[in-house]
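Quick notes on the structure that follows.
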2 protein chains.
Amino acid sequence: MPEFFHDQKLYYTPIEFALNHIGGTWKMPILWRLQYKVLRYGELKKDIPHITHKMLASQLRDMEQKGMIERKVYPVVPPKVEYSLTEKGLKAIPVIEHIMKFGYDMMNEAGITL
Amino acid sequence: MPEFFHDQKLYYTPIEFALNHIGGTWKMPILWRLQYKVLRYGELKKDIPHITHKMLASQLRDMEQKGMIERKVYPVVPPKVEYSLTEKGLKAIPVIEHIMKFGYDMMNEAGITL
DNA sequence: CCGTATCCAAGGAGATACTG
DNA sequence: CAGTATCTCCTTGGATACGG
């Protein structure tokens with residue numbers, strides 16, 4: 001396993017780098033919803049249960065800075081801002097699909113029924 | 001997206017549940033090394049660069065409790081303890097493979113060469 | 001050789017309030 | 001409608017020491 005610096009941070013493995021892009025509680029749920037549709041801030045907020053204003057905003061900033069999503073501001077009142085996946089963000093979708101399936105799998109094993 | 005309780009904790013999505021099993025800095029590197037070989041504590045420690053005694057021990061405890069790895073103690077001096085994947089743990093391997101590939105992919109995009 | 005406990009710093013994440 | 005800032009709590013993870 002290699003190790004490298006990027007953006008002021010030391011990474012030990014590719015896995016760590018991957019999790020930096022799609023890890024945490026909210027990044028995947030956000031990316032997942034943008035896979036087909038461009039969405040406004042408020043739509044994302046409404047679509048993702050339990051996410052707080054702060055977390056949605058900060059995670060969007062983070063992923064925008066990483067080049068995974070694009071932010072388009074319309075200079076109107078009231079403000080309108082649209083978010084969409086970039087090519088880079090699109091590459092995360094199949095991975096998220098696998099992780100989600102794995103999650104359901106583990107839920108099964110744990111006897112969790114919905 | 002459903003939400004459910006498990007083991008004293010509230011989960012909002014299958015993704016969150018999945019990350020609970022394989023997320024964090026060290027779980028995947030550990031599981032990855034157990035995919036073919038049964039390994040002793042000291043071997044794991046030696047094989048995984050930068051992992052601390054505490055993190056290796058605590059993550060092994062955690063995954064043992066989740067039924068992803070098996071712990072076998074040999075009553076000898078000095079102590080000998082072997083760790084191996086369970087069927088459940090084995091299911092994580094293909095997912096880890098995808099995440100790792102994604103990590104390399106993102107490294108490429110970021111212009112990181114090894 | 002392997003495990004646990006303790007102390008501590010950094011980041012994740014919630015609640016709330018203020019801005020244009 | 002969308003974005004920031006602040007305050008605070010909790011979890012993760014590192015360093016270190018002690019125990020069988």
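First the proteins, then the strands, lettered A, B, ... as listed; each starts at 1.
Minimum atom distance to the side chain of Tyr83(A) is reached by dG3(D), of the listed dG3(D), dG14(D), dG20(D).
You'll find the side chain of Phe5(B) stays beyond 4.5 Å of the side chain of Ile112(A), heavy atoms only. No side-chain heavy atom of Asn20(A) sits under 4.5 Å from any side-chain heavy atom of His6(A). Side-chain contact between Tyr12(B) and Trp26(A) is present, with heavy atoms from C-beta onward closer than 4.5 Å.
No more than 12 heavy atoms of other residues, nucleotides or ligands sit less than 6.0 Å from atom NZ of Lys101(A).
Lys45(A) places its NZ atom 12 Å from the P atom of dC1(D), with the value rounded to the nearest Å. Atoms CG (Asn20(B)) and C1' (dT12(D)) sit 13 Å apart, rounded to a whole Å. What separates CG of Leu19(A) from C1' of dG13(D) is a distance of 15 Å, to the nearest Å. Distance CG (Asp62(B)) to C1' (dG13(D)): 14 Å, rounded to an integer number of Å. Atom CD in Gln59(A) sits about 18 Å away from atom P in dA2(D), given to the nearest Å. In this entry the distance linking CD1 of Ile69(A) with C1' of dA2(D) reads 14 Å, nearest Å. The separation between Leu56(B) atom CG and dG14(D) atom C1' is 14 Å, rounded to whole Å. Distance, Arg40(A) CZ to dG3(D) C1': 14 Å, rounded to whole Å.
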So which protein N/O to nucleotides 4-7 of chain D N/O distances come out below 3.5 Å?
unit_1	atom_1	unit_2	atom_2	d
dT4(D)	O4	His53(A)	NE2	3.4

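A continuous path of ILVMFWY side-chain contacts below 4.5 Å connects Leu10(A) to Met107(B), so both sit in one hydrophobic cluster.
Position along DNA chain C of the nearest nucleotide to Thr52(A) versus Glu43(B) favours Glu43(B) as the more 5'-ward residue. Checking Pro79(A) against Thr25(B), the closest nucleotide of DNA chain D that is more toward the 5' end is the one next to Pro79(A).
Mapping heavy-atom proximity under 4.0 Å, the span of DNA chain C touched by chain A runs 5' to 3' from dA13(C) to dG20(C).
Each of His21(A), Lys88(A), Lys91(A) was evaluated against Glu109(B); a single residue qualifies, Lys91(A), per the side chain to side chain donor-acceptor pair (under 3.5 Å) test.
As judged by a 4.0 angstrom heavy-atom cut-off over every strand, Ser58(B) is placed among residues making no nucleic acid contact.
Of all heavy-atom pairs between Phe102(A) and Ala92(B), the closest is CE1-CA, 3.7 Å.
Under the 4.0 Å criterion applied to side-chain N and carboxylate O atoms, Lys27(B) and Asp62(B) are assigned as salt-bridge partners.
A donor-acceptor contact under 3.5 angstrom links the side chains of Glu82(B) and Tyr74(B), judged on distance only.
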